[in-house]
There are 2 protein chains.
Amino acid sequence: MPFTGGGSGSGRSALDQRRIIDAAVRFIDEHGLRMLTMQRLGAYLGVEGMALYRHVPGREALLDGVVESVVDELFGDPDVHLEAHAGWVDYLQRLAHGLRRIALAHPEVFPLVATRPPAAPWVRPPLRSLRWIESMLEVMTDAGFSDENAAAVYRAFSSFLLGYLLLEVSGRGVETGPVEEPDVTPMEDLAGYPLLQRLEPHLSVDVAAQDFEEALEALLDRVALLLPRRRRPPRLTEGK
Amino acid sequence: MPFTGGGSGSGRSALDQRRIIDAAVRFIDEHGLRMLTMQRLGAYLGVEGMALYRHVPGREALLDGVVESVVDELFGDPDVHLEAHAGWVDYLQRLAHGLRRIALAHPEVFPLVATRPPAAPWVRPPLRSLRWIESMLEVMTDAGFSDENAAAVYRAFSSFLLGYLLLEVSGRGVETGPVEEPDVTPMEDLAGYPLLQRLEPHLSVDVAAQDFEEALEALLDRVALLLPRRRRPPRLTEGK
DNA sequence: ACCTGAACACCGTTCAAGT
DNA sequence: ACCTGAACACCGTTCAAGT
């Protein structure tokens, strides 16, 4: 029975929605999304699997809860602390770095964030916490961005984070387990791509952190141009 | 039996890998990824489902084939025609527009492109056709970019396309079918987000095409700065 | 050579029954 | 009130059997 052992120190006490979602996040972190099954998650919690349906509408809703929960970690991150920001540039930088930390902390969960169907059908759903979006729109409009530009910034910023972090996170977790992830048989042959071979060291090198800083700064510069008739805000000293 | 009727004019003749992958792409376009099942795909091809295993290693490998096939549509697109490009800027613009057309033509397939596990473990796998990556690296190095910068451009460009197109494509296909997509019960309430409500018209407005042009141009400007000691290439006239 | 029937181990989900 | 056993309809996959 390889999927037991839910909480480190937590009591073996009653199930509820919070505990189930938290367990699902830890389960995915440990075993990967493809291993998450209602019955296995039940076993992980010391319970029989169908018991979960008493607290959660079903598997799809559970996954939505997982995404929401992980994205909402932002609001508990002391290095983010969005309420006490020093201007919109600082706010967006904290947000970006906080979300990057989350993506790196939950690399198996993050692709789920990108691909779940939308919660509110009319809001393009990238980094899906409505709380997160609301907070960002508030800061941007308070900073003087028009409603239209605030929405445009939201789209640009979240598509940047989505693409960048998805790219960075994929290809991690190579050593997830002993023989798990059963090595899908590829249908194509990898030979015959000389430049891929020659540039291999540059493609696999891990310059992700620096790439991220540079791309983020370029985006913020671009956003600043939307602000009506003000000098570009002074460049901040490097965030942590 | 709602999942029959494979090819418009194609003969009902022998199965092979190509025909199966093409059918899978069309099936996903029509019914969505979540409906794709070996047995339903079999029925779609007028065959019994287990028959597919004679030509395809399994479901996972089939999905890899679907991704590869869709991304490789680029090489058949006459508006792309990457072999006859006029410099790297033109090449990247054609590539970007071609990939956007593909994403919009196969909105149900595109998220798969973003989330399949890597083919070659050392190449960060965004827009996964190795043929595509090889071609791009060749153009960039021929244009004078160092190996290191060519790899950096590949990462920046593909993460841009990944994030942007994933965002644009999600939230399409609302009317996929009559009562399909059984309206997952959300666990949270949508009320209490005043700015989301106020900016709703700006968030749902479809300015995607123009956004895309602007973000692409900004990225290309940024890439041009990597090219050693040359003036920025002249701005091209608006691509189609 | 290629497809099918039957079978296996496993899914998500429901619900009457236990405690 | 909360969990379990049994059941249902459906998965992916294998393989001996049909044609």
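Any value given below was found using the heavy atoms of this structure, including those in side chains, with hydrogens, waters and symmetry copies removed. Everything numeric here is computed off the predicted structure, so don't read it as measured data. Letters A, B, ... are given to chains in the order of the sequence lines, protein chains preceding strands, and every chain is numbered from 1.
- D/dT14: Watson-Crick or G-U partner is C/dA6, with both key distances under 3.5 Å.
- One N or O on the side chain of A/His97 and one on the backbone of A/Gln93 form a donor-acceptor pair closer than 3.5 Å.
- Seen from the ring of B/Phe212, B/Arg100 counts as a face-on cation partner, given the 6.0 Å and 45° thresholds.
- What you find for A/Ile21 and A/Gly65 is that their closest heavy atoms are CG2-O, 3.7 Å.
- To the nearest 0.5 Å, atoms CG (A/Asp79) and CG (A/Leu74) are separated by 11.5 Å.
- Computed from coordinates, the A/Leu45 CG to D/dC3 P distance equals 10 Å when rounded to whole Å.
- With DNA chain C read from its 5' end, the first of the two nearest nucleotides for A/Arg54 and A/Gly49 is the one closest to A/Gly49.
- A/Leu52 has its CG atom 10 Å from the P atom of D/dT4, to the nearest Å.
- OP1 or OP2 of D/dC2 has not a single side-chain nitrogen or oxygen of A/His55 nearer than 4.0 Å.
- Pairing for C/dA1 is with D/dT19, a Watson-Crick or G-U wobble pair whose two hydrogen-bonding atom distances lie under 3.5 Å.
- Classification of the B/Phe27-B/Tyr44 ring pair by plane angle, with boundaries at 30° and 60°, yields perpendicular.
- The CG atom of A/Leu162 sits 9.5 Å away from atom OG1 of A/Thr115, with the distance rounded to the nearest 0.5 Å.
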(message) So if I define the base as every atom that isn't primed, P, OP1 or OP2, how would nucleotides 5-12 of chain C read as a B/S/- string at a heavy-atom cutoff under 4.0 Å?
(response) BB----BB
